[in-house]
2 protein chains.
Amino acid sequence: MQRKEFTIDCQLCTHLKDSLFNGLTPEDLSRINNHKTCIQYKKGQNIFYEGTRPTGLFCINGGKVKVFKNNVQGKEFILYIAKPGDFLGYRALLSEEFYGATATVLEDAKICFIQKENFFEVLQKNPVFMKKVVKQVCQQMGIMEERMAELAHKSVRERLAGSLLMLKESYGMEGDDSVLLDIALSREDWASLVGTATETVIRLLSDFKSDELISFEGKKIRVLDPKRLAKQADLIVA
Amino acid sequence: MQRKEFTIDCQLCTHLKDSLFNGLTPEDLSRINNHKTCIQYKKGQNIFYEGTRPTGLFCINGGKVKVFKNNVQGKEFILYIAKPGDFLGYRALLSEEFYGATATVLEDAKICFIQKENFFEVLQKNPVFMKKVVKQVCQQMGIMEERMAELAHKSVRERLAGSLLMLKESYGMEGDDSVLLDIALSREDWASLVGTATETVIRLLSDFKSDELISFEGKKIRVLDPKRLAKQADLIVA
DNA sequence: AAGCTTTTATGACAAAAGTCATGTTTTGCC
DNA sequence: GGCAAAACATGACTTTTGTCATAAAAGCTT
């Protein structure tokens, strides 16, 4: 499989402003810029594999990537869905461990790879950047704590409704009266994200559709009634 | 409720060697030492509350503490069980958020409180310490990713077996042929840790007892057969 | 020691969710 | 455009787990 490279200047990257690299000194940014490799990936290709050693950091310039763990029975659980501007693989890099998850392209992607030496150098000589990274990691951790608690005590229905609302935040395209989730996930992917079986997702989504909480638009989902969906996400007793 | 203080010198603390503070310069350590407040807590007392603003870092000198989230129905999910040498509350501090969880004393505890200013100062002027903190946080995150995936796809039985083995690592006291878990958790706490109902834990623990995987010793549990327990923790098909 | 509260235990039942089988639709590809 | 594969859908059934009721046991307090 041939690697299709592309070029982009970090300084000119559209996503710089919402990325962790925002605020780097020109020298630091150009150090990153001059040492990166940018590759185009097709849907289905893997960026890195669980159990392998990280050698650098991935920065998404375009497309979408899922990061997931596979259990013994081959059941997948999606930890994150990354979009342009997001970093991938820093967790394992900073904990000095092997990758704990696999990253696969969901929608054709353009991804820059930064060798760990360059990342670490910028990190070390730039305490402000370091602080931002720490903050980001700890925020992420707070999100994971929340999600764990939900996995522990919420029903699949509640979690699915919650996932729809969560993706609405990241991928929602506001319409007049509804929001299109600009991400094409298979029912299987939804199941991996929510932590359930594919059939259950199919049934529940079709329930939500019957209840006019959502509608289907090709492979994408339109959220029609976020408020009622939020009620579904919380608790039945409420 | 009166605060019972106590005194301890960080330099002389038994847990210094396994703590993040290990390796600090004498000056840094004494800065921490001179500005800390040490308080004794009784079982059931709270250290901090979900939704409140963190003002510093807690360092456990003795006892055990559970950190948990409460959901809307009042169901508890235990995120961590902290023991001597562990830090508490750094996540919210570093992400500059409110506490995402509540910390309650499980077994009478002695806990030192370090004002955030002092913690941040040491953190800022000491890149090696910073790096250790980051590494620790990212390792913790890896553990949480693993646990999330288990919550998503493992049965309660598997998770309970897994939790027994996990606590064996932290609290196991090796005997001739078995390991006593040196931590007294109620059935309700076990349920909060595993993410299930109290009755289910009661039933499963008594199953495990019938199968001679564990035995009860007062309020504590003795692991009789870690290997078979590990089989229970993994998958049925295996 | 008695009486209260909390914890542990057990049974019966209901609800939620997983699994398996099968069928239909969509998609990708030559 | 037609074929194969993948994705989606639905029904039937089983298993797991939660819930509620009740009771026994253990811990505290006076």
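Letters go in sequence order (proteins before strands), and every chain restarts at 1.
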Next on the checklist: Do A:Ser186 and A:Glu188 pair up side chain to side chain, a donor and an acceptor below 3.5 Å, judged on atom types alone?
Outcome noted: no
Item to check | Check ion pair A:Arg228-A:Asp211 (N to O, under 4.0 angstrom) | outcome: no
Next on the checklist: Output the rounded distance in Å from CD (B:Gln73) to C1' (D:dC20).
Outcome noted: 16 Å
Checklist entry - Going by number, which of residues 192-205 of chain B have a non-hydrogen atom under 4.0 Å from DNA chain D? => result B:Thr196, B:Ala197, B:Glu199, B:Thr200, B:Arg203
Checklist outcome for this item: Taking for A:His153 and for A:Arg187 the nucleotide of DNA chain D with the nearest heavy atom, the one nearer the 5' end belongs to A:Arg187
Checklist entry - Between A:Leu106 (CG) and D:dA7 (C1'), how many Å, whole number? => result 15 Å
Next on the checklist: Between B:Ser178 and B:Arg222, is there a side-chain donor-acceptor contact under 3.5 Å, judged purely by atom types and distance?
Outcome noted: yes
Next on the checklist: Can you tell me which nucleotide in C:dT8, C:dG18, D:dA7 comes closest to the side chain of A:Lys75?
Outcome noted: C:dG18
Checklist entry - A:Asp189 CG to D:dA6 C1': how many Å, rounded? => result 13 Å
Next on the checklist: What I want to check is whether the side chains of B:Arg91 and B:Ser95 have a donor and an acceptor closer together than 3.5 Å.
Outcome noted: yes
Item to check | Whole angstrom value for the distance that separates P of C:dG18 from CD of B:Glu158 | outcome: 13 Å
Next on the checklist: Is the positively charged end of A:Lys110 above the ring of A:Phe6, judged by distance under 6.0 angstrom from the centroid and angle within 45° of the axis?
Outcome noted: yes
Next on the checklist: If I take atom CZ in residue B:Phe216 and atom C1' in nucleotide D:dA26, what distance separates them, rounded to the nearest angstrom?
Outcome noted: 15 Å
Item to check | Protein-nucleotide distance (B:Gln232, atom CD; D:dT16, atom C1'), rounded to Å | outcome: 15 Å
Item to check | Whole-Å distance separating the CZ atom of B:Arg157 from the P atom of D:dT17 | outcome: 9 Å
Item to check | Between P of D:dG18 and CG of B:Leu160, the distance in whole Å | outcome: 12 Å
Checklist entry - Can you find a side chain N or O atom of B:Lys154 that sits less than 4.0 Å from OP1 or OP2 on C:dG18? => result no
Next on the checklist: For B:Glu145 and A:Tyr80, which I'm curious about, is there any donor-acceptor pair between the side chains at under 3.5 Å?
Outcome noted: yes
Item to check | Validation row, ring centre B:Phe58 to ring centre B:Phe48 under 6.0 Å | outcome: yes
Next on the checklist: Both B:Ser206 and A:Lys219 contact DNA chain C. Which one's nearest nucleotide lies toward the 5' end?
Outcome noted: B:Ser206
